[in-house]
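Side-chain atoms are counted along with the backbone in the values below, which use heavy atoms only and exclude waters and symmetry mates. Everything numeric here is computed off the predicted structure, so don't read it as measured data.
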Amino acid sequence: MENHVKIIIDKLDASEINKIKQYVANLRQLIGSDLSLTILDPRYKGDYNQLINNYEQLTVDFPDVQIDSFYVSQYLKSERRDNVNKFTTDYIGDQKFTVEKKDGQRLFMQNGEVRIAIITNQAGKVTAVDFAKPGQKRPHQRVSVNSSGNIQVLRHFDEKTHLPALDEYLDTDLNTQMLVHFDERGLRADYQLVGWDEPVVYSEVDLYDQWFDRVIKSDDYVINLNRHYDVLFEHKHDVTKVFLMQ
């Protein structure tokens, strides 16, 4: 019978891949060679394409492994690119703006005020867009944009304190997959995987626990290389099948 092995990572550089291969080789000696391997990646990147490119390279170096990314699996719902254009167009609606350039950035002006600021990097790629309400100098919304021109996070700001109030993690079709609320100090307060219809939780550990409950079965073997999550396996998983590694 095929044994399923789930490997929770904290990084995925060349030395870590070699370490994973050694752990898997040792595990094969214990339980046999009939294994299916899945790497579980809880890391967030400001550009998901960095992760996707890493995964594509990994399938060359380590062809018999699958990768399940917490963030990419929620984000990648279609082949759509440049969805920031649709979001911005929908925001503009039938409003009238003049467009100016300043310090290499495009500014959508209305009555002498900056209402939309297109923020680009040195290569001219859009990395973020700020949206301000009339009469306000600071944005009430900001979207972070990856190298595919897609929005990863839509951030809402408190209009009095200007601190973060809510982050919406969007997929390629601009649907909200996860909500993160902030407290009055601008610190993360709670999390909800709305795309998976999960209840609100109040820590990142509990958030990833909801994911692990979905992707790790009770009879799976677990190699945990991310010590932040050791606590999740203390009671509810067969300890003879859990390997907590440095």
Would a single hydrophobic cluster contain both [Y] and [X], if residues Ile, Leu, Val, Met, Phe, Trp and Tyr are joined by side-chain heavy-atom contacts under 4.5 Å?
{"X": "Val84", "Y": "Val114", "answer": "no"}
{"X": "Tyr44", "Y": "Leu207", "answer": "yes"}
{"X": "Val72", "Y": "Ile67", "answer": "yes"}
{"X": "Ile119", "Y": "Ile116", "answer": "no"}
{"X": "Val222", "Y": "Val215", "answer": "yes"}

Any idea which heavy atoms bring [X] and [Y] closest together, and the distance?
{"X": "Ala189", "Y": "Asp183", "value": "CB-N, 3.9 Å"}
{"X": "Ser73", "Y": "Trp196", "value": "OG-CZ2, 4.1 Å"}
{"X": "Leu154", "Y": "Ile151", "value": "N-CG2, 4.3 Å"}

So [Y] and [X], do their side chains get closer than 4.5 Å, heavy atoms only?
{"X": "Asp206", "Y": "Tyr191", "result": "no"}
{"X": "Lys217", "Y": "Asp220", "result": "yes"}
{"X": "Gln210", "Y": "Pro199", "result": "yes"}
{"X": "Leu12", "Y": "Ile17", "result": "yes"}
{"X": "Phe97", "Y": "Arg115", "result": "yes"}

Checking the side chain of [X] only, and the main-chain atoms of [Y] only, is there a donor and an acceptor separated by less than 3.5 Å?
{"X": "Gln152", "Y": "Tyr48", "value": "yes"}
{"X": "Lys241", "Y": "Asp219", "value": "yes"}
{"X": "Asp130", "Y": "Arg142", "value": "no"}
{"X": "Lys102", "Y": "Leu107", "value": "no"}
{"X": "Thr161", "Y": "Leu163", "value": "yes"}
{"X": "Gln110", "Y": "Lys96", "value": "yes"}
{"X": "Thr120", "Y": "Lys125", "value": "no"}
{"X": "Gln95", "Y": "Tyr91", "value": "yes"}
{"X": "Asp158", "Y": "Pro164", "value": "no"}
{"X": "Gln74", "Y": "Phe70", "value": "yes"}

Test side-chain contact (heavy atoms from CB on, under 4.5 Å) on Lys6 and Phe212 and set out the steps. CA-CA 10 Å; Lys6 305 295 170 61; Phe212 294 147; over 6 Å; no

Apply side-chain contact (heavy atoms from CB on, under 4.5 Å) to the pair Ile39 and Asp68, showing each step before the final yes or no. CA-CA 6 Å; Ile39 287 175; Asp68 189 343; over 6 Å; no

Which distance, rounded to the nearest 0.5 Å, do you find between the [atom1] of [X] and the [atom2] of [Y]?
{"X": "Ser36", "Y": "Glu2", "atom1": "OG", "atom2": "CD", "value": "4.0 Å"}
{"X": "Tyr23", "Y": "Leu37", "atom1": "OH", "atom2": "CG", "value": "15.0 Å"}
{"X": "Ile7", "Y": "Glu16", "atom1": "CD1", "atom2": "CD", "value": "10.0 Å"}
{"X": "Ile118", "Y": "Thr88", "atom1": "CD1", "atom2": "OG1", "value": "5.0 Å"}
{"X": "Asn83", "Y": "Asn150", "atom1": "CG", "atom2": "CG", "value": "4.0 Å"}
{"X": "Lys19", "Y": "Ile9", "atom1": "NZ", "atom2": "CD1", "value": "11.5 Å"}

Between Gln22 and Asn18, does the side-chain hydrogen bond (donor to acceptor under 3.5 Å, both in side chains) criterion hold? Intermediate values first, please. CA-CA 6 Å; Gln22 185 59 56; Asn18 289 332; over 6 Å; no

Can you establish whether the number of heavy atoms outside [X] located under 6.0 Å from its atom [atom1] is more than 12?
{"X": "Lys77", "atom1": "NZ", "result": "yes"}
{"X": "Arg214", "atom1": "CZ", "result": "yes"}
{"X": "Asp197", "atom1": "CG", "result": "no"}
{"X": "Glu79", "atom1": "CD", "result": "no"}
{"X": "Arg106", "atom1": "CZ", "result": "no"}

May I ask you to check whether [X] and [Y] show a side-chain donor-acceptor distance below 3.5 Å?
{"X": "Thr127", "Y": "Asn121", "result": "no"}
{"X": "Ser15", "Y": "Asp13", "result": "yes"}
{"X": "Asp190", "Y": "His181", "result": "yes"}
{"X": "Asp173", "Y": "Ser78", "result": "yes"}
{"X": "Gln192", "Y": "Glu198", "result": "no"}
{"X": "His228", "Y": "Glu204", "result": "no"}
{"X": "Tyr55", "Y": "Asp41", "result": "yes"}
{"X": "Asn53", "Y": "Gln57", "result": "no"}

Mind running side-chain hydrogen bond (donor to acceptor under 3.5 Å, both in side chains) on Asp82 and Ser148 for me, showing each step along the way? CA-CA 6 Å; Asp82 298 313; Ser148 293; over 6 Å; no

For Ile8 and Ile223: C-alpha separation, side-chain torsions, deciding distance, then whether side-chain contact (heavy atoms from CB on, under 4.5 Å) applies. CA-CA 6 Å; Ile8 304 169; Ile223 299 175; over 6 Å; no

Think Lys21 forms a cation-pi with Phe62, using NZ or CZ under 6.0 Å from the six-ring centre and within 45 degrees of its axis?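 Yes, Lys21 sits over the ring of Phe62.
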
Pick from His162, Lys133, His156: which one makes a side chain to side chain contact (heavy atoms under 4.5 Å, CB included) with His140? Lys133

When the aromatic ring centroids of Phe87 and Phe131 are compared, is their separation below 6.0 Å?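 Between Phe87 and Phe131, the centre distance is under 6.0 Å.
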
Would you check if the distance from the ring center of Tyr169 to the ring center of Tyr75 is below 6.0 Å?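 No, the ring of Tyr169 stays outside the 6.0 Å limit from the ring of Tyr75, centre to centre.
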
Under 4.0 Å between a side-chain nitrogen and a carboxylate oxygen: does that hold for Arg155 and Glu168? no

Which is it for Val153 and Val143 under the side-chain contact (heavy atoms from CB on, under 4.5 Å) test, yes or no, and what are the steps along the way? CA-CA 6 Å; Val153 181; Val143 295; over 6 Å; no

Please step through side-chain hydrogen bond (donor to acceptor under 3.5 Å, both in side chains) for the pair Asp47 and Asn49, ending with a clear verdict. CA-CA 5 Å; Asp47 185 350; Asn49 291 302; 3.1 Å; yes

